[in-house]
Amino acid sequence: MTAGYDFGPRPRLGYAGSLLERAADKRTDTAFLDSLERQHGTGAYVVSGEMIVLKRTAVGFDPLFALDEIHRLADVKERLFLGLFAQSGRFGFGIDPVITDRLQTNEAFHVTDLRSIAVQGLVDADHLAPIAEAKALLHWHARHRFCANCGHTTHVTDGGWRRDCPQCSAQHFPRTDPVVIMLAVAGERCLLGRQARFAQGMWSCLAGFVEPGETIEDAVRRETQEEAGIVCGQVRYFASQPWPFPSSLMIGCHAEAMSFQIAMDRNELEDARWFTRDEVAAMLRGRHPDGLTTPPPVAIAHHIIRNWVERGDAVLAD
């Protein structure tokens, strides 16, 4: 049942395990939020589209700004209440991309995308979840400035967690897109695929959006069959991961393969094939003879694959 592989301590899953107390009951309390802004210890993350602003320090980069630092830096387009950390406020501030372009030439700052921050370990891992929260929420605001019901301009309320329409009184709330990401397994083999946008030599789990009226299990089976022609039976949930690109929830699963002949959808995949457990173990260790790799530990795909290598058939056992 198990392969006996030892990869050492499990790495932390990216953008997960937030230490913030979201304090949703405080979002409507404008007096409380205003007082938080004046409180010592309150900080904010600065986001502009896909880019995150970091401060350069003597030992690396710091993504958390004091609010007066931000107000001296740029005009804030959006203020979001992310939650509380040790009773201090945490906010997400959205700024104009024009300001971001200017900051890129300032040696006091480093402006880069969140994916690079996570993969390169540019900041303490505890910051990744709240930055992801801010980025996803700001992305939603940028694309929902007008009412989907009547077309009127909407207003931000509830600390950034709702937009209200003054014309028709419709209320609009942020949305998260559920995505299944799965590893089909058959004994000592698993199915991995490649998309053209992947880094050279990298193979990963298959994935796809959950459709309306569909369960997680049905989505796993449908996507695996659509993309690779593989029929699956039993599906086991593994773990989930916020994925703020732009605003998804990755729902990780293992699936029991019931067929083995691959028939790829070339619009979705560049390639797909079966890998043995020994081969995938070599990929995880960076020792595959052909230089093949798996996604980095920041991605849930890495954890789904590693769990199967370590546990084998046990990932689908009762």
Side-chain angles (χ1 to χ4, degrees), residues 1-17 60 113-126 128-129 132 179-207 220 224 227-228 230 232 235-243 245 250-257 260 262 264 269-317:
M1 293 279 288
T2 59
Y5 292 102
D6 181 11
F7 296 99
R10 290 180 179 271
R12 183 169 175 175
L13 180 60
Y15 319 117
D113 63 284
L114 180 54
R115 196 186 306 262
S116 296
I117 290 172
V119 172
Q120 298 173 25
L122 298 184
V123 304
D124 189 286
D126 287 342
L128 294 181
V179 178
V180 288
I181 179 166
M182 53 279 174
L183 186 70
V185 301
E188 292 293 309
R189 298 189 301 166
C190 74
L191 178 70
L192 297 177
R194 268 192 57 80
Q195 294 184 356
R197 63 180 178 81
F198 284 4
Q200 184 176 358
M202 191 182 82
W203 292 72
S204 186
C205 301
L206 306 187
V220 166
T224 305
E227 292 192 0
I230 301 299
C232 290
V235 174
R236 288 284 183 181
Y237 170 77
F238 169 67
S240 62
Q241 176 186 33
W243 193 248
F245 305 104
M250 308 300 289
I251 304 167
C253 297
H254 294 96
E256 178 188 19
F260 312 102
I262 295 174
M264 266 189 303
L269 298 176
E270 180 182 75
D271 202 356
R273 55 170 275 203
W274 292 97
F275 288 81
T276 67
R277 190 154 45 193
D278 288 341
E279 194 172 9
V280 178
M283 294 163 70
L284 287 166
R285 290 192 171 109
R287 300 175 186 170
H288 191 281
D290 297 327
L292 305 185
T293 63
T294 59
V298 69
I300 195 171
H302 176 98
H303 297 257
I304 297 169
I305 294 167
R306 171 173 164 164
N307 186 254
W308 171 74
V309 171
E310 291 177 331
R311 299 189 63 215
D313 292 341
V315 298
L316 292 169

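This chain uses plain numbering: 1 for the first residue, then up along the sequence. Because the structure is a prediction, the values reported are computed rather than measured.
- Under the side-chain contact (heavy atoms from CB on, under 4.5 Å) test applied with C190, the options I305, V280, V315, V309 reduce to a single match, V280.
- Within the structure, the salt bridge (charged side-chain N to carboxylate O under 4.0 Å, His left out) test picks out the following pairs touching residues 289-306 (sequence neighbours left out): R306-E310.
- Residues M264 and D271 are in side-chain contact: their nearest non-hydrogen atoms beyond the backbone lie under 4.5 Å apart.
- Nearest heavy atoms, L269 versus E227: CD1-O, 3.5 Å.
- Ring geometry for F245 against W243 counts as perpendicular: the plane angle is over 60°, on a 0 to 90° scale with 30° as the lower cut.
- For I262 against A272, the heavy-atom pair with the smallest separation is CD1-O, 3.7 Å.
- Applying the ring-ring contact (aromatic ring centres under 6.0 Å, His included) rule to W203 yields the partners F275; only residues at least two apart in sequence or on another chain are considered.
- The shortest heavy-atom contact between D313 and G187 is OD1-O, 3.5 Å.
- The shortest side-chain heavy-atom distance between T276 and E188 does not fall under the 4.5 Å cut-off.
- Judged by distance alone, with hydrogens and angles left aside, the side-chain atoms of R194 form a donor-acceptor pair with the main-chain N or O of A199 at under 3.5 Å.
- Closest non-hydrogen pair, A257 versus W274, comes out as CB-CH2, 3.6 Å.
- The shortest heavy-atom contact between M202 and P295 is SD-CA, 3.7 Å.
- Going from atom CZ of R197 over to atom CD of E270 covers 11.5 Å, rounded to the nearest 0.5 Å.
- For H303, there are no ring-ring contact (aromatic ring centres under 6.0 Å, His included) partners two or more places apart in sequence or in a different chain.
- In this structure, the separation between CG on D278 and NE2 on H288 is 10.5 Å, given to the nearest 0.5 Å.
- Partners of F260 according to the ring-ring contact (aromatic ring centres under 6.0 Å, His included) rule, which considers only residues two or more places apart in sequence or in another chain, do not exist here.
- Side chains of L192 and L183 form a contact here, defined as non-hydrogen atoms less than 4.5 Å apart.
- Closest approach of I181 to A301, counting heavy atoms only: CD1-CB, 3.9 Å.
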Decide side chain to side chain contact (heavy atoms under 4.5 Å, CB included) for D126 and R12; before the verdict, give the C-alpha distance in whole Å, the side-chain angles of both, and the deciding distance to 0.1 Å. CA-CA 10 Å; D126 287 342; R12 183 169 175 175; 2.6 Å; yes

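- Side-chain atoms of Q241 come within 3.5 Å of backbone N or O of V298 as a donor-acceptor pair.
- Distance CE/M182 to CD1/I230: 12.0 Å, rounded to 0.5 Å.
- Using a distance-only test at 3.5 Å, with no hydrogens or angles considered, a donor-acceptor pair links the side chain of H254 to the main chain of I304.
- Between the OH atom of Y237 and the SG atom of C253 there is a distance of 8.0 Å, given to the nearest 0.5 Å.
- Evaluation of the salt bridge (charged side-chain N to carboxylate O under 4.0 Å, His left out) rule for R285 yields no partner, not counting sequence neighbours.
- In this structure, SG in C232 is found 8.0 Å from CG in L191, a value given to the nearest 0.5 Å.
- Checked against side-chain contact (heavy atoms from CB on, under 4.5 Å), A132 has the following partners two or more places apart in sequence or in another chain: Y15, L114, P244.
- Side-chain contact between L284 and H302: present, with at least one pair of heavy atoms (C-beta onward) separated by less than 4.5 Å.
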